[in-house]
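Heads up: the structure comes next, in structure tokens.
What you see is a predicted model, and the numbers here were worked out from it, not measured in a lab.
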Amino acid sequence: MSKVLIIGAGGVGTVVAHKVAQHPDVFTEVMIASRTQSKCDAIVEAIGNPNIKTAKVDADNVDELVSLFSSFKPEIVINVALPYQDLTIMEACLKAGVNYLDTANYEPKDEAHFEYSWQWAYKKRFEEAGLTAILGCGFDPGVSGVYTAYAAKHHFDEIHYLDIVDCNAGNHHKAFATNFNPEINIREITQNGRYWEDGKWVTTSPLEFHKDLTYPNIGARDSYLLYHEELESLVKNFPTIKRARFWMTFGQEYLTHLRVIQNIGMASIEPINYNGMEIVPLQFLKAVLPNPQDLGENYEGETSIGCRIRGIKDGKECTYYVYNNCSHQEAYKETGMQGVSYTTGVPAMIGAMMFLKGLWKRPGVWNVEEFDPDPFMEALNMYGLPWHEVFNGDLEL
């Protein structure tokens with residue numbers, strides 16, 4: 001019996017639940033929990049499997065989480081709630097003796113800053129408890145780390161240059177919308193950029209560097225250098241890397257809206273007083289923007305996410321590009337969600353499957369690239385995110 005508990009009923013949680021429900025041979029009992037139980041019930045209704053249980057839980061409350069974990073007794077918790085809640089859920093897992101998996105690293109609610117140090121600090125406690133914690137098992141972070149590990153295992157003696165490239169060439173026909181939680185999305189994009197070079201971090205202004213990159217089946221798109229959390233773990237786990245960067249595409253209309261939002265103070269996370277109430281401008285903005293869960297039906301186009309790698313094999317320099325393209329329309333047909341949620345939710349399901357099959361089971365706290373990439377790569381092809389390779393092509397970087 002393999003019980004799994006999914007925390008979070010947003011777009012990614014919906015995809016995870018759909019994909020988990022497709023594999024009852026692995027996930028024999030499933031529960032979805034969220035602060036709003038009606039959202040969980042709606043997912044169950046959409047899946048059409050009344051055996052999936054639902055529950056109400058406040059993921060900021062360790063005691064509530066422990067009570068839920070102790071009553072349902074899952075083997076693993078899939079955390080697709082907010083990054084602010086990673087530590088409370090990890091704490092509850094330790095107290096209840098449950099294994100853990102997430103898709104994004106912790107960040108404090110009152111500061112637009114994220115790094116793995118807070119979660120890596122739990123390593124010894126998970127080891128001593130004999131529990132596994134798998135960090136960053138979405139697409140980026142997640143598949144991007146598995147791609148890198150697969151390249152290191154099969155195609156390189158040393159990886160020297162790594163560029164993770166993320167293109168969303170879809171059109172949701174909204175004036176402005178974010179593809180995942182607006183609060184998290186805008187915080188991520190508006191902070192300083194950062195990349196690794198020659199043994200140190202180099203900080204850039206927000207969206208300071210950009211260039212056209214050509215994406216398969218899409219063409220050239222303006223791509224901007226951002227900081228992304230998997231860079232931190234990848235340069236630690238692959239110390240031969242001389243430079244590691246992350247690039248993401250944005251359209252000019254999106255950037256114009258974002259500039260206005262910043263200029264009028266709506267991207268601020270500092271509380272203000274409004275009519276005697278304390279509100280956070282960015283949280284208010286989130287409430288009036290389109291819900292990412294509702295974008296799928298009219299979403300056209302596709303995403304393209306991959307790793308462009310240069311390094312040494314058998315004494316010769318070579319390049320390697322491994323990527324996936326995901327159709328928003330196909331994702332919607334299968335799960336009712338758009339491609340950005342799909343590309344995050346499918347790897348989370350696969351990571352939990354790897355754990356339950358004993359392939360990614362090791363006491364402690366681990367990033368995905370520290371496990372064997374081969375079974376995960378095989379599962380990507382089987383469960384909706386097929387990958388493609390280009391050897392010794394022009395990386396454009």
Side-chain angles (χ1 to χ4, degrees), residues 8-16 18 34 36 39 42-43 46 80-84 103-104 107 112 114 138-140 165-191 206-207 210 215 218 221-224 226 228 246-269 279-305 325-346:
V12 176
T14 300
V15 174
V16 174
H18 274 266
S34 171
T36 309
K39 290 184 177 180
I43 294 171
V80 282
L82 294 172
Y84 318 136
T103 62
E107 60 179 286
F114 47 91
F139 204 110
D140 44 347
V165 293
D166 184 330
C167 172
N168 180 11
N171 182 2
H172 46 54
H173 302 284
K174 302 284 186 185
F176 182 83
T178 61
N179 293 293
F180 56 95
N181 184 290
E183 191 179 348
I184 304 299
N185 192 195
I186 292 171
R187 282 166 61 123
E188 178 182 297
I189 294 165
T190 55
Q191 66 177 288
L207 307 180
H210 63 103
Y215 295 87
I218 292 168
R221 289 289 190 277
D222 202 6
S223 306
Y224 290 78
L226 304 178
H228 228 240
F246 182 96
W247 304 83
M248 183 175 281
T249 61
F250 300 104
Q252 285 308 309
E253 187 176 359
Y254 181 95
L255 293 176
T256 299
H257 277 85
L258 189 65
R259 253 191 318 274
V260 172
I261 287 167
Q262 288 180 276
N263 289 343
I264 63 175
M266 289 305 296
S268 171
I269 61 173
I279 66 167
V280 174
L282 183 54
Q283 291 177 0
F284 176 80
L285 178 66
K286 173 187 171 184
V288 298
L289 286 175
N291 185 341
Q293 280 180 266
D294 299 333
L295 297 176
E297 186 173 6
N298 297 310
Y299 221 135
E300 299 167 343
E302 59 189 320
T303 64
S304 183
I305 313 172
N325 277 33
C326 177
S327 161
H328 288 292
Q329 291 168 315
E330 292 303 312
Y332 180 75
K333 284 178 191 173
E334 184 184 347
T335 65
M337 293 294 126
Q338 36 87 353
V340 176
S341 295
Y342 191 86
T343 55
T344 305
V346 173

- Are any non-hydrogen side-chain atoms of Ile189 and Ile186 less than 4.5 angstrom apart? no
- Message: Determine whether Thr344 and Val15 satisfy the following criterion, side-chain contact (heavy atoms from CB on, under 4.5 Å), listing intermediate values before the conclusion.
- Response: CA-CA 8 Å; Thr344 305; Val15 174; over 6 Å; no
- Message: Can you tell me if Glu300 has over 12 outside heavy atoms packed within less than 6.0 Å of its CD?
- Response: yes
- Decide side chain to side chain donor-acceptor pair (under 3.5 Å) for Thr303 and Asn168; before the verdict, give the C-alpha distance in whole Å, the side-chain angles of both, and the deciding distance to 0.1 Å. CA-CA 4 Å; Thr303 64; Asn168 180 11; over 6 Å; no
- Message: Before we go on, tell me: are the rings of Tyr254 and Phe176 under 6.0 Å apart, centre to centre?
- Response: yes
- Query: What residues form a side chain to side chain donor-acceptor pair (under 3.5 Å) with Gln252, not counting sequence neighbours?
  - Reply: Tyr224
- Message: Could you report the tightest heavy-atom contact between Thr343 and Cys326, atom names first, then the distance?
- Response: CG2-CB, 3.7 Å
- Task: Quick one: closest heavy-atom pair of His18 and Thr335, and the distance?
- Result: NE2-O, 3.4 Å
- Message: Within the 4.5 Å heavy-atom criterion, are Tyr215 and Val165 side-chain neighbours or not?
- Response: yes
- Query: Can you check side-chain contact (heavy atoms from CB on, under 4.5 Å) on Ile218 and Cys167, steps first, answer last?
  - Reply: CA-CA 9 Å; Ile218 292 168; Cys167 172; 4.0 Å; yes
- Note on the structure: Between the CG atom in Leu207 and the CE atom in Met248, the distance rounded to the nearest 0.5 Å is 10.5 Å
- Message: With rounding to the nearest 0.5 angstrom, report the CD to CD distance, Glu334 to Glu330.
- Response: 9.0 Å
- Where Ser34 and Ala9 come nearest, the two heavy atoms and their spacing: CB-CB, 3.9 Å
- Stepwise, does the side-chain contact (heavy atoms from CB on, under 4.5 Å) test hold for Leu258 with Gln262? CA-CA 6 Å; Leu258 189 65; Gln262 288 180 276; 4.1 Å; yes
- Heavy-atom closest pair (Gln191 atom, Glu188 atom, distance to 0.1 Å) is CG-O, 3.4 Å
- Is there side-chain contact between Asn325 and Ser304, with heavy atoms separated by less than 4.5 Å? yes
- To the nearest 0.5 angstrom, please state how far the CD1 atom of Ile261 sits from the CG atom of Leu255. 11.0 Å
- Within a strict 4.5 Å, meaning less than it, do heavy atoms of the Thr103 and Phe139 side chains meet? no
- Message: For a 4.5 angstrom cut-off between non-hydrogen side-chain atoms, does Met337 reach Leu295?
- Response: no
- Note on the structure: So NE2 of His172 and OG1 of Thr178: to nearest 0.5 Å the spacing works out to 8.0 Å
- Task: List the atom of Ser223, the atom of Thr249, and the distance in Å for their closest heavy-atom pair.
- Result: OG-CG2, 3.5 Å
- Query: Is the shortest heavy-atom distance from the side chain of Pro83 to the side chain of Glu107 under 4.5 Å?
  - Reply: yes
- Query: Val340 versus His328: any side-chain heavy-atom pair under 4.5 Å?
  - Reply: yes
- Query: Yes or no on side-chain contact (heavy atoms from CB on, under 4.5 Å) for His210 and Phe250, after CA distance, side-chain angles and deciding distance?
  - Reply: CA-CA 10 Å; His210 63 103; Phe250 300 104; over 6 Å; no
- Message: To the closest 0.5 Å, what do you measure between CD (Gln329) and OH (Tyr299)?
- Response: 11.5 Å
- Item | Reported OG-to-CD distance for the pair Ser327 and Gln338, which is rounded to 0.5 angstrom | 11.5 Å
